[in-house]
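Have a look at the structure below, then the notes.
Below, chain A is the first sequence line, B the second, and so on; all start at residue 1. No hydrogens, no waters, no symmetry mates; every other heavy atom, side chains included, goes into these values.
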Amino acid sequence: MLKFLIRRLAAMIFTALCITFVVFYLTNLPPNLEKVAKSEAGSRISDEEVQSWLEKNGHAQPLLKRYGEWLGVVPGWTRTDEAGAVTGRCIRPKTDPAEAPHYCGILQGDWGFSTVFREDVSKIIATRLGLTGLLMFWVMVTMVPLSLLIGVLAGMREGSRLDRTLSTFSIASTATPEYVSGVILIVVFASKLVGLQWFKGSANSAMDGLTFENFALPVATIVLYGTGYIARMTRASMTEVMTAQYIRTARLKGVSFASVVVKHALRNALIAPFTVIMLQFPWLLNGVVIVETLFNYKGFGWTLVSAAGNNDIQLLLGCSVVAVLVVLVTQLISDIGYVFLNPRIRIS
Amino acid sequence: MTATNWDPSQPILEIDHLSISFFTRLREIPAVMDFSCKVMAGEAMGLVGESGCGKSTVALAVMRDLGKNGRIVGGTIKFKGRDLTTMSDEELRHIRGKEIAMIYQEPMASLNPAMKIGKQLMEVPMIHEGVSADEARKRALEVVRDVRLPDPERMLNSFPHQLSGGQQQRIVIAMALMSKPSLLILDEPTTALDVTVEAAVVDLVKDLGEKYGTSMLFISHNLGLVLEVCDRLCVMYSGEAVETGSIVDVFNKMQHPYTQALFRSIPLPGADKNARPLIAIPGNFPLPHERPKGCNFGPRCSYFKAGQCDGGDIPMFAVAGDDRHETRCVRVGEIDWAAKPQVKAGAAKTAIGRTVLKMDDVKKYYEVSSGMFGGGLKKVVKANETLSFEAREGETLAIVGESGCGKSTFAKVLMGLETATGGKIMLYDRDIQNTPIEKRSTETVSGVQMVFQNPFDTLNPSMTVGRQIIRALEIFGEGANDAERRDRMLELLDLVKLPRAFADRMPRQLSGGQKQRVGIARAFAGGAKVVVADEPVSALDVSVQAAVTDLLMEIQRKNRTTLLFISHDLSIVRYLSDRVMVMYLGHVVEIGSTDQVFSPPYHPYTEALLSAVPIADTHVTKKHIVLEGEIPSAMNPPPGCPFQTRCRWKSKVPGGLCEKEVPPMRKVADGHEIKCHLPEAELATMEPVIQIAAE
């Protein structure tokens with residue numbers, strides 16, 4: 001077990017390095033840097049000025065060195081200008097250069113400074129991730145039990161009227177994108193057009209205080225979309241299990257139908273959807289972009305969009321690190337959980 | 001809920017004119033027609049027939065578990081006097097598991113993989129008798145002990161996949177016995193198991209049947225097994241019972257042409273490939289919706305008389321003088337049942353030529369890792385140890401052993417799918433042990449070919465039969481152009497006795513036996529010198545087996561091929577092989593001519609193996625040897641002799657030599673070698689396992 005974990009961790013770190021390097025390379029392409037220079041030093045500067053700005057701010061160094069600095073394994077650059085003032089990657093304005101650390105990168109907890117929000121990237125990500133985490137939590141709490149229930153009910157008697165009804169619902173809900181279902185939900189439940197006005201059409205206020213009224217619609221929108229998918233997977237797995245020979249054994253032992261489903265079929269049927277559910281976490285993290293924008297909820301997705309739209313390199317890099325970590329960690333959990341759900345894997 | 005008004009002198013199960021159909025969108029498919037049988041208390045009834053004859057459908061109908069499409073369209077099934085066909089689901093639930101229990105063909109698939117064995121067993125009395133979990137567990141322990149499983153506590157705490165196939169089947173049997181049912185239905189309970197394990201399980205079922213006084217409905221395609229287990233039997237063909245009666249009556253005085261043909265197509269002791277070849281049943285099993293008018297067996301029957309046999313539905317006729325012996329043959333009184341079959345002119349024995357293949361000390365080891373998430377210790381699996389033998393031109397060498405004995409590994413090494421860890425394999429004068437198949441010359445590849453066990457999976461489903469054979473010819477470099485290869489392909493179809501029109505058919509349009517013929521045609525496409533036949537007929541029905549075996553023999557005679565026949569079925573091995581090699585746990589334990597291996601002195605393992613094979617002949621008496629314990633894992637073989645953990649002769653060897661040293665191969669007669677420490681004097685005391693009483 002320990003050996004497996006260590007090997008998996010090593011593989012994860014390697015994957016994370018590869019992905020972040022690719023993202024780093026793409027976000028640090030020359031045109032992007034030029035844009036940064038122009039937004040920082042004025043949009044009308046000449047090409048020479050751009051070049052000198054880049055050199056002054058350490059962007060003209062070789063790519064690998066810059067990546068190393070960002071990561072925190074290569075000492076940050078320092079530079080003494082004609083006036084004798086020392087600037088550097090790790091030297092904050094108005095601090096003593098002698099006291100500044102040599103390394104400042106992701107590993108040291110220095111995630112850089114956002115050019116859009118004028119704030120530390122680590123701080124932004126922490127707050128935004130917290131907000132999205134809240135959203136994800138409520139989505140998972142509703143979506144997982146609901147979709148498993150629908151899937152199991154539909155799958156236990158394949159082809160029955162219940163199965164056809166639930167399957168139609170799942171297909172319809174998965175086939176409706178969030179920007180459609182979100183708008184419909186707003187129109188029906190939050191606008192004067194229909195007049196129900198049960199919930200609020202904006203989740204902006206939820207950032208300060210979460211209530212059922214301001215949070216129900218964004219959660220419902222995501223749940224609707226995700227439920228159908230997991231329910232379909234569960235149903236497929238359930239129908240397969242219900243035709244297995246050991247289910248026949250149980251039935252011919254005299255076990256009642258309800259017990260057959262709950263005691264014999266359920267655990268076997270949940271093995272396959274478990275992986276899908278774990279895959280929903282990374283999807284939620286990045287897929288909530290539309291919902292967060294639609295309901296004006298300033299979470300992680302919303303931040304990602306702003307960072308990308310405004311060429312905020314440091315923030316974008318920070319977001320991608322988080323995204324990569326979430327994907328890798330959930331996959332690790334999914335692999336380990338799979339082993340525990342499925343006793344057959346444990347030996348082989 | 002128990003039937004209080006049931007009189008034990010009445011039949012426990014009475015099936016009366018039962019008809020079952022499956023309904024598809026297209027049509028109604030009758031699966032079972034007009035089936036009647038009676039099982040008395042404590043009686044074991046055998047249900048025999050080939051696949052598709054409806055025997056399992058009858059069993060499921062008794063359980064009332066025919067699925068969505070199946071329906072009972074006529075007749076009654078009375079269990080202890082109550083009609084099962086009209087019972088409600090709730091009533092049925094009280095009978096299933098409690099009064100009638102079932103044992104299935106594939107033990108692994110019929111146990112819940114995610115539930116501990118103990119829980120699965122305890123469930124039965126908890127549902128039916130409402131006992132507490134403690135009480136149920138106590139009972140589970142008792143029953144697990146009854147089915148002779150070691151360490152019952154540990155068994156109850158294991159998951160099904162942690163047990164071997166034989167152990168799993170014992171658990172399924174234990175589960176069926178948990179509530180002491182009055183009727184046990186066994187649906188091919190040992191088909192998935194090895195012969196020695198099968199023998200032990202059959203033994204167990206018989207003993208438990210006596211101990212608990214359980215009636216049994218025993219479904220099998222194996223006449224030998226039915227002879228061992230049952231008191232009465234019922235032979236089924238194409239959805240109908242064709243003959244029913246007591247074992248002695250049906251085996252010795254059969255009154256239906258199908259029963260007779262079935263017995264003539266199985267290799268019994270005394271059959272010989274040259275002098276007394278098997279008689280295959282001509283033609284194919286009719287599809288359910290293409291059954292002929294009148295007698296279903298008519299088109300394949302040698303006694304068929306137009307006008308009489310195809311007139312209309314044929315009822316069961318009682319055979320005068322016998323106890324409840326009935327047959328579905330209108331000509332029962334006209335046929336001379338005692339007449340000996342017309343024997344085809346026996347072919348001359350093929351002369352054995354020069355040495356084609358020579359194996360010298362071949363070893364194959366695998367490295368595997370263990371542990372929950374991979375990693376862990378590296379272990380060496382010795383799949384083959386010091387394998388040495390020769391095979392000559394035109395010879396059939398049988399390789400016999402149970403699963404895990406290394407016979408498939410040996411085939412892989414010979415074919416070049418794996419390379420040997422040590423030793424030498426000589427094909428004519430070439431070393432091939434270290435040449436993987438992709439580096440072998442075309443000549444070598446086409447010279448060593450294989451016929452596979454399962455014809456259903458080895459043909460490409462999206463390529464016509466002709467195309468597949470032509471493809472093999474292309475690879476072997478046969479023929480100069482497409483036209484030539486096509487001619488050659490048609491010749492090959494002639495060789496395996498398939499109509500030339502089959503060239504354009506898809507594999508799914510062929511029956512199992514026909515597919516296997518295509519497999520044989522492909523193996524012989526390049527004029528193979530050595531053909532490895534890995535259980536070539538074990539997936540086929542009895543009546544087809546004889547035809548395919550005959551074909552293999554005929555081609556061998558014609559081409560003077562060396563045939564390495566891998567099998568676990570000693571009856572067929574005895575029938576067709578010239579020499580036999582017995583393997584156990586990677587070792588060759590005995591090698592010799594067929595007569596030498598099948599008569600004493602034996603290697604102790606060969607002795608047990610011979611005793612385990614069921615023989616469908618009432619004149620045969622066998623010595624009863626049941627092997628205790630499991631085959632040791634090749635990952636962790638016992639020290640010394642590989643067979644010492646289960647050997648009943650071990651005490652006869654002085655000084656505990658068996659546990660210390662691997663015995664050497666020693667010569668007991670010319671060409672007969674045994675790997676055993678037993679002294680000469682002890683070997684000389686061995687008695688023959690199989691004895692045929694004089695008729």
Drop me the distance from Asn112(B)'s CG to Arg267(A)'s CZ, to the nearest 0.5 angstrom.
8.5 Å
If you compare all heavy atoms of Ile127(B) against all heavy atoms of Gly254(A), which two are closest, and at what distance to 0.1 Å?
CG2-O, 3.7 Å
Side chain, backbone, both or neither: which part of Ser256(A) has a heavy atom under 4.5 Å from chain B?
both
Which one of Arg64(B), Glu106(B), Met126(B), His128(B) has the most heavy-atom pairs closer than 4.5 Å to chain A?
His128(B)
Which atoms of Ala109(B) are under 4.5 Å from chain A, going by heavy atoms: the side chain, the backbone, both sets, or neither?
both
Mind checking whether Lys263(A) and Glu123(B) have side chains closer than 4.5 Å, heavy atoms only?
yes
Side chain, backbone, both or neither: which part of Leu60(B) has an atom under 4.5 Å from a heavy atom of chain A?
side chain
Tyr246(A) OH to Met108(B) CE distance, which is reported to the nearest 0.5 Å:
10.0 Å
Flag the pair Asp65(B) and Arg248(A) as a salt bridge only when some basic side-chain nitrogen lies within less than 4.0 angstrom of an acidic carboxylate oxygen.
no
If you round to the nearest 0.5 Å, how far is OG of Ser259(A) from CZ of Arg93(B)?
7.5 Å
If you round to the nearest 0.5 Å, how far is CD of Gln245(A) from CD of Gln105(B)?
8.0 Å
Atom group of Arg8(A) that falls short of 4.5 Å from chain B, counting heavy atoms:
neither
Quick one: are Met175(B) and Thr249(A) in side-chain contact, heavy atoms under 4.5 Å?
yes
Relative to chain B, which segment of Val255(A) carries a heavy atom at a distance below 4.5 Å: side chain, backbone, both, or neither?
both
Once you round to the nearest 0.5 Å, how far does CG of Leu252(A) lie from CG of Leu92(B)?
10.0 Å
Interface moiety of Lys119(B) toward chain A, non-hydrogen atoms closer than 4.5 Å:
neither
In Å, rounded to the nearest 0.5 Å, how long is the span from CG of Asp89(B) to CZ of Arg251(A)?
10.5 Å
Answer yes or no: does atom OH of Tyr229(A) have more than 12 heavy-atom neighbours from other residues, nucleotides or ligands under 6.0 Å?
no
